[in-house]
Structures are given as structure tokens and as C-alpha cells.
Amino acid sequence: MSFEKGIAELEKIVKDLESNNNNLEDSIDKFEQGQKILAYCKKKLAEAEAKVAAITGTTLPDPDQFPQSQHQTPDPSDPSDLSFLD
């Protein structure tokens, strides 16, 4: 799967979850699938950033230095992170 396809799939999952037309089990399955796709996209993005840094001889700014947006990305390694419900 490409990064772009992963992002498109995440957008589809978010819209589906926001529609509230799913039962609990389906919602959990879609959320879990979204978490896996999110982790994949983060990995692909980090790889691309590393390639750009290697080509340019520079490092990219650490995103943790910037204020978090109102819509935070859930931490896929933290099952208690339900920030997507905000």
C-alpha cells in the first residue's frame, strides 16, 4: 500500500466512524484497522523524512517542538488513548 492510499483509507474509516452507522464491534474493528494503517503511514513518512534529510544533509524539525493541534492523533501503542472521541 502506498502512503497516499493509506491516508485515503484512513479518511474513509474516519468518515465511516463519524457517521455512527456501525455497531460497536464493527466500530472497534474499523478503529483497529485504522490504527494499523496509521502506524504504517507514520513509518513511511519517517522513512521519507530520513531520505530527504540524507539527500539535503539537514535534519527536519522535531514535530514534538510544535504545539499540538486540537485534533491529536491517537497513540496506537496506548489502548487507553481515546482522544479520537473528542
Side-chain angles (χ1 to χ4, degrees):
M1 170 185 337
S2 69
F3 175 81
E4 294 78 9
K5 182 172 171 117
I7 294 296
E9 192 64 30
L10 280 173
E11 290 172 348
K12 180 181 170 191
I13 290 170
V14 168
K15 284 181 184 178
D16 192 35
L17 289 172
E18 288 177 341
S19 74
N20 293 323
N21 291 331
N22 304 294
N23 64 39
L24 180 60
E25 289 78 22
D26 288 343
S27 293
I28 292 170
D29 289 344
K30 288 175 193 243
F31 177 76
E32 184 177 19
Q33 179 186 11
Q35 290 296 303
K36 290 177 183 178
I37 295 170
L38 177 62
Y40 170 82
C41 288
K42 283 183 172 183
K43 178 182 173 203
K44 295 303 278 183
L45 185 59
E47 290 170 358
E49 289 173 344
K51 284 182 183 180
V52 169
I55 292 168
T56 62
T58 61
T59 57
L60 299 173
D62 182 0
D64 291 333
Q65 294 177 348
F66 301 101
Q68 292 287 331
S69 70
Q70 191 172 9
H71 298 285
Q72 295 181 352
T73 303
D75 181 355
S77 64
D78 182 1
S80 67
D81 185 355
L82 302 176
S83 61
F84 70 95
L85 294 175
D86 294 338

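Put simply, CG on Leu10 and SG on Cys41 are 5.0 Å apart, with the number rounded to the nearest 0.5 Å. A distance of 13.5 Å separates CZ in Phe31 from CG in Asn22, rounded to the nearest 0.5 Å. Rounding to the nearest 0.5 Å places CD of Glu32 at 13.0 Å from OG of Ser27.
Through direct or relayed side-chain contacts under 4.5 Å between Ile, Leu, Val, Met, Phe, Trp and Tyr, Leu24 connects to Ile28.
Applying the salt bridge (Lys or Arg N to Asp or Glu O under 4.0 Å) criterion to Lys5, with sequence neighbours excluded, gives no partner residue. Judged as a side chain to side chain donor-acceptor pair (under 3.5 Å), and not counting sequence neighbours, the contacts of Thr56 are Thr58. Under the side-chain contact (heavy atoms from CB on, under 4.5 Å) criterion, Leu45 pairs with Phe3, Glu49, sequence neighbours left out.
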Side-chain donor-acceptor contacts of residues 13-20 below 3.5 Å, not counting sequence neighbours, with atom names and distances?
from	atom 1	to	atom 2	distance (Å)
Asp16	OD2	Lys30	NZ	2.3
Ser19	OG	Asp16	O	2.6
Ser19	OG	Asn21	N	3.4

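Side-chain atoms of Lys44 and Met1, non-hydrogen and from C-beta on, never get closer than 4.5 Å to each other. Two residues are said to be in side-chain contact when any heavy atoms from C-beta on lie closer than 4.5 Å; Asp26 and Asn23 meet this criterion.
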